[in-house]
> 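There's a structure below that I have some questions on.
Everything quoted here is computed from the prediction, not taken from an experiment.
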Amino acid sequence: FRGEISYKGISLDNANEINRALKLVMERVDVPKISGIKPISGSSKTGRKIFKDGADAIAAYDPVSKGIYLNTDVLKSAKAFAEYQKRAQEAWDKVMSNLDKLSPEMREIAERYKKAGRSLVDPSVKGCIIHELGHHVQWTKMPADLINSIKDIAANSVKISGYAGATKGEYIAESFASWMKDKKRIAKDLQEFFDSIAKTHVAAPHRKLQKRSKTEEEKTIIQTRWDARQATRTNMREVAQKLGMKVPTSTMTFEEANEQ
């Protein structure tokens, strides 16, 4: 990746959505920058190796180089992405309507997706990039003992999404996507970890100080000083008028000054 970002072959709208995802995560989470972004066709020989979930995968994170690959076949235009979403919905409908025809293993997976009620936390372009950045968070920030402590993914994943149950890595990435979106479904230990790396530069609310009423003795002292000041100002005004200088026409009254 060499620190380079390329959107060659990616539509402007999709590139903007990717940038929004990057900005959102980098502003909200204390995580190292990715090493770059590289577009590649999912149907190419190299693309088939990178996008292990299939040629329809939107993006993939490389934990070795810490960069993100984008699938130009899906992201080249709004039409291409809409067709991808249509195929995904059709596949979902077909599987859900034929559960009894699936093998026991495939039916178990399909039932997990059905129970979760959604394939992904956020299937939009922005949501998918946030998911990939969830992998980045895991590989750059998450302690090994926390990763190793994650158990029973199949049972816990249904609270997040169907895809969260695929592997431990996808469970973490989808948990991160859920934390970024609503924070409502993820496990407590992951919630606490994501909270711990969140940037918390929030300004404290301004507290209006309550004014203290002055005593009669304090008011008398202030009045004496005020009268002396006014006498000095009168003398200065007379000097200024003789020199032809402009003199202010309004002054603050004692009552107004006493309210300060």
> How long is the straight-line distance from OG of Ser43 back to CZ of Arg48, given to the nearest 0.5 Å?
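Output value for this atom pair is 7.5 Å.
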> Is it the case that Ser44 and Thr46 place a side-chain donor and acceptor less than 3.5 Å from each other?
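No, no side-chain donor-acceptor contact under 3.5 Å.
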> Using the test side chain to side chain donor-acceptor pair (under 3.5 Å), find all partners of Glu17 that sit at least two apart in sequence or belong to another chain.
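Arg20.
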> Is any side-chain heavy atom of Lys114 closer than 4.5 Å to a side-chain heavy atom of Leu99?
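Lys114 vs Leu99: side chains touch.
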> Output yes when a side-chain donor or acceptor of Ser178 lies under 3.5 Å from a complementary backbone atom of Ser175, and no otherwise.
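Checked: no pair found.
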> Kindly write out the residues that satisfy side chain to side chain contact (heavy atoms under 4.5 Å, CB included) with Lys23, not counting sequence neighbours, or none if the list is empty.
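Partners of Lys23 under the side chain to side chain contact (heavy atoms under 4.5 Å, CB included) test: Glu27.
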> Any donor-acceptor pair under 3.5 Å linking the side chain of Arg118 with the backbone of Ile160?
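Pair found, side chain donor or acceptor close to backbone of Ile160.
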> When rounded to the nearest 0.5 angstrom, what distance separates CZ in Arg28 from CD1 in Ile197?
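Atom-to-atom, Arg28:CZ and Ile197:CD1 are 10.5 Å apart.
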> A quick test of your reading: do over 12 heavy atoms of other residues, nucleotides or ligands sit less than 6.0 Å from NZ of Lys126?
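Atom NZ in Lys126 is not packed in, count stays at 12 or less.
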> May I ask you to list the residues sharing a hydrophobic cluster with Val158, side-chain cutoff 4.5 Å, ordered by chain and number?
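Answer for Val158: none, a lone residue.
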> Which heavy atom of Gly67 sits nearest to which heavy atom of Ser35, and what is that distance?
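Residues Gly67 and Ser35, closest heavy atoms: N-OG, 3.3 Å.
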> Taking atom NZ of Lys159 as the centre, report whether more than 12 heavy atoms of other residues, nucleotides or ligands fall under 6.0 Å from it.
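Counting neighbours around NZ of Lys159, 12 or fewer heavy atoms of other residues, nucleotides or ligands fall under 6.0 Å, so no.
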> Does Lys66 have more than 12 heavy atoms from other residues, nucleotides or ligands lying within 6.0 Å of its NZ?
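Enclosed: over 12 neighbouring heavy atoms sit under 6.0 Å from NZ of Lys66.
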> Quick one: ring pair (Phe, Tyr, Trp, His ring centres under 6.0 Å) partners of Tyr84, sequence neighbours excluded?
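Applying ring pair (Phe, Tyr, Trp, His ring centres under 6.0 Å) to Tyr84 gives Phe81.
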> Would you say the side chains of Ser124 and Asp122 form a donor-acceptor pair under 3.5 Å?
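Ser124 vs Asp122: donor-acceptor pair found between side chains.
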> Atom CD1 in Ile34, atom CD1 in Ile129: separation rounded to 0.5 Å?
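CD1 of Ile129 is found 8.5 Å from CD1 of Ile34.
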> Compare every heavy atom of Ile68 with every heavy atom of Ala59, then report the nearest pair and how far apart it is.
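For Ala59 versus Ile68, the nearest heavy atoms are CB-CG2, 4.2 Å.
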> Would you give me the side-chain donor-acceptor pairs under 3.5 Å for residues 100-107, sequence neighbours excluded?
unit_1, atom_1, unit_2, atom_2, d
Lys101, NZ, Asn98, OD1, 3.4
Ser103, OG, Met106, N, 3.3

> Shared ILVMFWY cluster between Ile130 and Met142, side chains joined below 4.5 angstrom?
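Ile130 clusters together with Met142.
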> Can you give me the closest heavy-atom contact between Ile153 and Ala164, atom names plus distance?
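The pair with the smallest heavy-atom distance is CG2-O, 3.6 Å.
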> Measure from the side-chain N and O atoms of Lys199 to the backbone N and O of Met26, and report whether any donor-acceptor pair falls under 3.5 Å.
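Between the backbone of Met26 and the side chain of Lys199 there is a qualifying donor-acceptor contact (under 3.5 Å).
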> CD of Gln138 to CG of Leu146: how many Å apart, nearest 0.5 Å?
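Going from the CD atom of Gln138 to the CG atom of Leu146 covers 9.5 Å.
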> Check Thr72, Asn71, Asp73 against Ser41 for a side-chain hydrogen bond (donor to acceptor under 3.5 Å, both in side chains) and give me the one that passes.
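Of the listed options, the one satisfying the test is Asp73.
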> Search all heavy atoms of Phe194 against all heavy atoms of Ile172 and return the closest pair with its distance.
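The answer is CZ-O, 4.1 Å.
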> Do the non-hydrogen side-chain atoms of Leu70 and Asn14 ever get within less than 4.5 Å of each other?
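No, side chains not in contact.
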> Show the nearest heavy-atom pair for residues Ser11 and Ala78, with the distance to one decimal.
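Smallest heavy-atom distance, with atoms named: OG-N, 4.4 Å.
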> Do you know which two heavy atoms are closest between Ile40 and Gly47, and how far apart they sit?
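Minimum heavy-atom contact is CD1-N, 4.0 Å.
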> Going by ring pair (Phe, Tyr, Trp, His ring centres under 6.0 Å), name the residues that satisfy it together with Tyr113, two or more places apart in sequence or in a different chain.
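Applying ring pair (Phe, Tyr, Trp, His ring centres under 6.0 Å) to Tyr113 gives none.
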> Leu190 versus Phe176: any side-chain heavy-atom pair under 4.5 Å?
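No; the side chains remain at least 4.5 Å from each other.
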> Is it possible for you to say whether Ile5 and Leu75 belong to one hydrophobic cluster, with membership spreading through side-chain heavy-atom contacts below 4.5 Å?
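Yes.
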> With hydrophobic residues grouped by side-chain heavy-atom distances under 4.5 Å, do Met180 and Leu120 end up in a single group?
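Hydrophobic grouping puts Met180 apart from Leu120.
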> State whether the number of non-hydrogen atoms from other residues, nucleotides or ligands found under 6.0 Å of Gln85 atom CD is greater than 12.
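Correct, the count exceeds 12.
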> Taking only residues two or more places apart in sequence, or in another chain, which ones meet Arg87 in a side chain to side chain donor-acceptor pair (under 3.5 Å)?
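Residues passing side chain to side chain donor-acceptor pair (under 3.5 Å) with Arg87: Asp56.
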> Can you tell me if CH2 on Trp139 sees more than 12 non-hydrogen neighbours from other groups inside 6.0 Å?
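Count not over threshold, so no.
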> Tell me, please, which residues at least two apart from Asp145 pass side chain to side chain contact (heavy atoms under 4.5 Å, CB included).
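With neighbours one apart ignored, the set is Pro143.
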> With the 4.5 Å side-chain cut-off for hydrophobic clustering, are Ile109 and Trp92 part of the same group?
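Both belong to a single hydrophobic cluster.
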> About how many Å separate CZ of Arg112 and OG of Ser161, when rounded to the nearest 0.5 Å?
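Rounded to the nearest 0.5 Å, the OG-CZ separation comes to 9.0 Å.
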> Among residues at least two apart in sequence or on other chains, which ones pass side chain to side chain donor-acceptor pair (under 3.5 Å) with His131?
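If we apply the side chain to side chain donor-acceptor pair (under 3.5 Å) test to His131, skipping adjacent residues, the hits are His135, Glu170, Glu174.
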> Supply the atom-to-atom distance Ile150 CD1 to Asp189 CG, rounded to the nearest 0.5 angstrom.
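Here the rounded value is 6.5 Å.
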> With sequence neighbours excluded, give me every ring pair (Phe, Tyr, Trp, His ring centres under 6.0 Å) pair touching residues 1-52.
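Listed once each, the pairs are Phe1-Tyr69.
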> Who are the salt bridge (charged side-chain N to carboxylate O under 4.0 Å, His left out) partners of Lys52, not counting sequence neighbours?
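Listed in chain order: nothing, the list is empty.
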> For Gln191 and Ile186, indicate whether the former's side chain and the latter's backbone hold a donor-acceptor pair under 3.5 Å.
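A pair under 3.5 Å: no.
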> If Ile, Leu, Val, Met, Phe, Trp and Tyr residues are connected whenever their side-chain heavy atoms lie under 4.5 Å apart, and connections chain through other members, are Tyr163 and Val137 in the same group?
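Looking at the clustering, Val137 is in a separate group from Tyr163.
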> Listed by chain and number, what are the side chain to side chain donor-acceptor pair (under 3.5 Å) partners of Glu192, not counting sequence neighbours?
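Per chain and number, Glu192 pairs via side chain to side chain donor-acceptor pair (under 3.5 Å) with no residue.
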